[in-house]
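Heads up: the structure comes next, in structure tokens.
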Amino acid sequence: MTSESKPAHFLQNIIREDLAEGRVSQVVTRFPPEPNGYLHIGHAKSICLNFGLAQEFGGSCNLRFDDTNPAKEEEEYVEAIKRDVSWLGYQWNGEVKYTSDYFDQLYEWALHLIREGKAYVCHLTPEEARQYRGTLTEPGTNSPYRDRSVEENLALFEQMKNGEFAEGECSLRAKIDMAAPNINLRDPVIYRIKKMAHHQTGDKWCIYPSYDFAHGQSDAIEGISHSICTLEFEDHKPLYDWFLDNLPVPSHPRQYEFARLNLNYTVVSKRKLKQLVDEGYVDGWDDPRMPTLSGQRRRGVPPAAIRNFCEMIGVTRSDSVVDVGMLEYCIRDELDKTAPRAMCVLEPLKVTLRNYPEGREEVLSAPGHPVRDDLPARELPFTRTLYIEKEDFREEANKKYKRLVLGKKVRLRNAYVIQAEEVVKNEAGEIVEVICSVDLDTLGKDPADGVKPKGVIHWVSADKHVECEVRLYDRLFSDPNPDAGGKNFLDSVNPDSLKVLEGCKAEIGLATAAAGISYQFERNGYFCRDSEYGSAEKPVFNRTIGLRDSWAKEQNK
RNA sequence: UGGGGCGUAGCCAAGCGGUAAGGCAGCGGGUUUUGAUCCCGUCAUGCGUAGGUUCGAAUCCUACCGCCCCAGCCA
């Protein structure tokens, strides 16, 4: 820790005090996803928080699937979630855990509550129960089944477990206070009937504990010291504590809440993400435009960028909307340090060097990274015919344009200085080729006349390169807050969020690029080979993110 | 209008009675064979509002205002 380290957030302060005052001897946290969808950037905040805190204080963090609702959960999601957590760079403590591992114990504790006269089987239908619950401003009224005897409740609950009642016919409720101002305390349901198989327990059960009845006790069983969740669960804390206070649990974890992540120009809601997938707005959960961890991974975002982002945005209790620009900054920042450099011409314009011998080829060397010497140098074949970017040539331009202009000089990145001498156009008047001369005495040094070209442009040999397709991604939504108020988020889906470029020319070394690892295509952005599309001969590259572009900014002034 | 939270710059966020950290974005400049990176400078007389306490208030008190969450047998 240095003097310039980040100030601690409220949870770090709480843990420090708990440790200092002996309230807890070991920090144990948990990340408790429900396996009903894919993890997204919002989950990353929780993962980084829970695993990060455990790491920081020498404790451990469990991965526990909160699987109390077989109607919504699937094994497929379990696997995807494990993969995403590992990818982010975290290791959970011991075996993966499931709330369903504790169903037997939870059932015993339900019995305990019944015996203590603190739970009862209620035969109100869901609709009736809603009416008895009262409203935000009016107290509820007691269920007519509230005073059944312990014996009767025991028998009825047994029948529930044995499948003798239909779904919705009855439920087990905690007997707390129907007049409580906190609605969660108005005799909450703790067991309901669901006659369906569970992905972990099969058909062993037809009754399943509710979140409220399962979560705190699971925390207690696992010896969780700090049970961290999002703000909307704050109203559940009195219930969380009520169960732990009324049951013979091995420990009493404390619940703390923090504000979930919101990102502008993005939706992070499993339901909405699923809709984008189901209705074909994107290619799947791992479409590179998706804020899912699998989508970001496929796009080439390094896990460290997401971790740094989570560190950067902080942890507080106030609702906020983080600018995606911060995420983009973290991605560029990480990639700038780690990505090998390469050249790729997206929209090719042919260049012929009239004073360079036909058939001649020399191999130039270029550094793998401007400051890191541990990344291997590359070999660049240099030939008479090359490709440069269409937008890097103009017949005439003012001094601000620092690229190739007719009659002027420019530096070819990692190669020679050339001068444009002649333009070849087709019948439509479009420029199809630029005839240049090359100054062979400029490799690694300025021209003999001492006049240094002010521009440097990238290029690729027309004879030796890799044909490829490049996919440029833009924000999926054009509205900074797609789902605010009464807006339909689908209305602001950006129709130009995917732009496919064919006929791109990448430097030869990129033929062996591996999926998932990003390169910087110099002057352009960061790109990685797609894991699903493309072939060995013709790879597809995804643009992870563009470089900061002050030239575009300058032009828009 | 019941209960629970939250209001510090365009955005995120420190601050906990001694006179507003830091980051992102922006703006200005320097270096540069990437218009990238990097470096330097700049960016809140004011902390939701109004009163009060105090030598001194973003921090304490009072009253307002605004925003978020809760009436699933979802999590």
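Labels below follow one simple rule: chain letters A, B, ... track the order of the sequence lines, proteins then strands, and each chain is numbered from 1.
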Ignoring the backbone of [X], work out which of [options] is nearest its side chain.
{"X": "A:K452", "options": "B:rA75, B:rU33, B:rC70", "value": "B:rU33"}
{"X": "A:T137", "options": "B:rG35, B:rA75, B:rU1", "value": "B:rU1"}
{"X": "A:P181", "options": "B:rU34, B:rG3, B:rG4", "value": "B:rG3"}
{"X": "A:D319", "options": "B:rA75, B:rG2, B:rC68", "value": "B:rC68"}
{"X": "A:F233", "options": "B:rC68, B:rA75, B:rU1", "value": "B:rA75"}
{"X": "A:R317", "options": "B:rG5, B:rA14, B:rA71", "value": "B:rG5"}
{"X": "A:V322", "options": "B:rC12, B:rA36, B:rA71", "value": "B:rC12"}
{"X": "A:P126", "options": "B:rC73, B:rU34, B:rA75", "value": "B:rC73"}
{"X": "A:T68", "options": "B:rA75, B:rA14, B:rA71", "value": "B:rA75"}
{"X": "A:R130", "options": "B:rC69, B:rU37, B:rA71", "value": "B:rA71"}

When the distance from [atom1] of [X] to [atom2] of [N] is rounded to whole Å, what number comes out?
{"X": "A:R260", "N": "B:rC6", "atom1": "CZ", "atom2": "P", "value": "17 Å"}
{"X": "A:F258", "N": "B:rG5", "atom1": "CZ", "atom2": "C1'", "value": "15 Å"}
{"X": "A:Q520", "N": "B:rU33", "atom1": "CD", "atom2": "C1'", "value": "13 Å"}
{"X": "A:I190", "N": "B:rC73", "atom1": "CD1", "atom2": "C1'", "value": "12 Å"}
{"X": "A:I228", "N": "B:rA75", "atom1": "CD1", "atom2": "P", "value": "21 Å"}
{"X": "A:H369", "N": "B:rU37", "atom1": "NE2", "atom2": "C1'", "value": "8 Å"}
{"X": "A:L261", "N": "B:rC11", "atom1": "CG", "atom2": "P", "value": "16 Å"}
{"X": "A:E328", "N": "B:rC11", "atom1": "CD", "atom2": "P", "value": "18 Å"}

Using the [atom1] atom on both, measure [N] against [M] and round to a whole Å.
{"N": "B:rU59", "M": "B:rC6", "atom1": "P", "result": "16 Å"}
{"N": "B:rG7", "M": "B:rC64", "atom1": "C1'", "result": "14 Å"}
{"N": "B:rC61", "M": "B:rG29", "atom1": "C1'", "result": "49 Å"}
{"N": "B:rG35", "M": "B:rC40", "atom1": "P", "result": "22 Å"}
{"N": "B:rU37", "M": "B:rC60", "atom1": "C1'", "result": "48 Å"}
{"N": "B:rG46", "M": "B:rA9", "atom1": "C1'", "result": "10 Å"}
{"N": "B:rG48", "M": "B:rU32", "atom1": "P", "result": "46 Å"}
{"N": "B:rG3", "M": "B:rU8", "atom1": "P", "result": "25 Å"}

Contact nearer the 5' end of RNA chain B, comparing A:G168 with A:A8: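 Between the two, 5'-proximity favours A:A8.
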
Of A:R133 and A:D333, whose closest RNA chain B nucleotide lies nearer the 5' terminus?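 Checking each residue's closest nucleotide, the 5'-ward one belongs to A:D333.
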
Using the 3.5 Å cut-off, write out each protein N or O paired with an N or O of nucleotides 17-24 of chain B and the distance between them.
{"residue": "B:rC24", "atom": "OP1", "partner": "A:Y329", "partner atom": "OH", "Å": "3.1"}

Name the pairing partner of [N], where a pair is Watson-Crick or G-U wobble with both distances under 3.5 Å, or state none.
{"N": "B:rG26", "value": "B:rU42"}
{"N": "B:rC6", "value": "B:rG66"}
{"N": "B:rC73", "value": "none"}
{"N": "B:rC16", "value": "none"}

Reckon [X] touches a base, only the sugar-phosphate, or nothing at all at heavy-atom distances under 4.0 Å?
{"X": "A:L185", "answer": "nothing"}
{"X": "A:K337", "answer": "nothing"}
{"X": "A:N414", "answer": "base"}

Ring geometry between A:H236 and A:Y211 (parallel below 30°, tilted from 30 to 60°, perpendicular above 60°):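 The rings of A:Y211 and A:H236 stand perpendicular, inter-plane angle above 60°.
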
A:F103 vs A:W205 aromatic rings, parallel, tilted or perpendicular, using cut-offs 30° and 60°?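 Aromatic pair A:F103/A:W205 classed perpendicular.
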
For A:W551 and B:rG35, are the ring centres under 5.5 Å apart with planes inclined under 30°?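 The ring of A:W551 is stacked on B:rG35.
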
Roughly how far apart are A:I545 CD1 and A:Y526 OH, rounded to 0.5 Å?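 OH of A:Y526 is found 9.5 Å from CD1 of A:I545.
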
From A:R64, A:K97, A:R254, residue fulfilling salt bridge (charged side-chain N to carboxylate O under 4.0 Å, His left out) relative to A:D219: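 Of the listed options, the one satisfying the test is A:R64.
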
Counting distance alone, no hydrogens or angles: does the base of [N] have a donor or acceptor under 3.5 Å from a partner atom on the side chain of [X]?
{"X": "A:N182", "N": "B:rG4", "answer": "no"}
{"X": "A:R403", "N": "B:rG35", "answer": "yes"}
{"X": "A:R411", "N": "B:rU33", "answer": "yes"}
{"X": "A:R341", "N": "B:rU34", "answer": "yes"}

Side-chain N or O of [X] closer than 4.0 Å to phosphate OP1/OP2 of [N]:
{"X": "A:K454", "N": "B:rU32", "value": "no"}
{"X": "A:K553", "N": "B:rG26", "value": "yes"}
{"X": "A:S320", "N": "B:rC11", "value": "no"}

Answer yes if the side chains of [X] and [Y] hold a donor-acceptor pair under 3.5 Å, and no otherwise.
{"X": "A:Y401", "Y": "A:Q555", "result": "no"}
{"X": "A:H458", "Y": "A:R413", "result": "no"}
{"X": "A:Q200", "Y": "A:E75", "result": "yes"}

Report the glycosidic orientation of B:rG72: syn if within 90° of 0, anti in every other case.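 Syn, angle within 90° of zero.
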
Residues A:I457, A:E389; criterion side-chain contact (heavy atoms from CB on, under 4.5 Å); working and verdict: CA-CA 8 Å; A:I457 63 176; A:E389 211 71 67; over 6 Å; no

Any ion pair linking A:D439 and A:K445 (charged N to carboxylate O, less than 4.0 Å)?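 No.
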
Charged N to carboxylate O under 4.0 angstrom, A:K72 versus A:E34?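 So A:K72 does not pair with A:E34 through a salt bridge.
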
Less than 6.0 angstrom from the centroid, inside 45 degrees of the normal: does A:R475 satisfy that with respect to the ring of A:Y265?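 The answer is yes, since A:R475 meets both limits relative to A:Y265.
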
Would you say that more than 12 heavy atoms from the other residues, nucleotides or ligands in this model lie under 6.0 Å from the NZ of A:K194, or not?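 Counting other residues, nucleotides and ligands, NZ of A:K194 exceeds 12 neighbours.
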
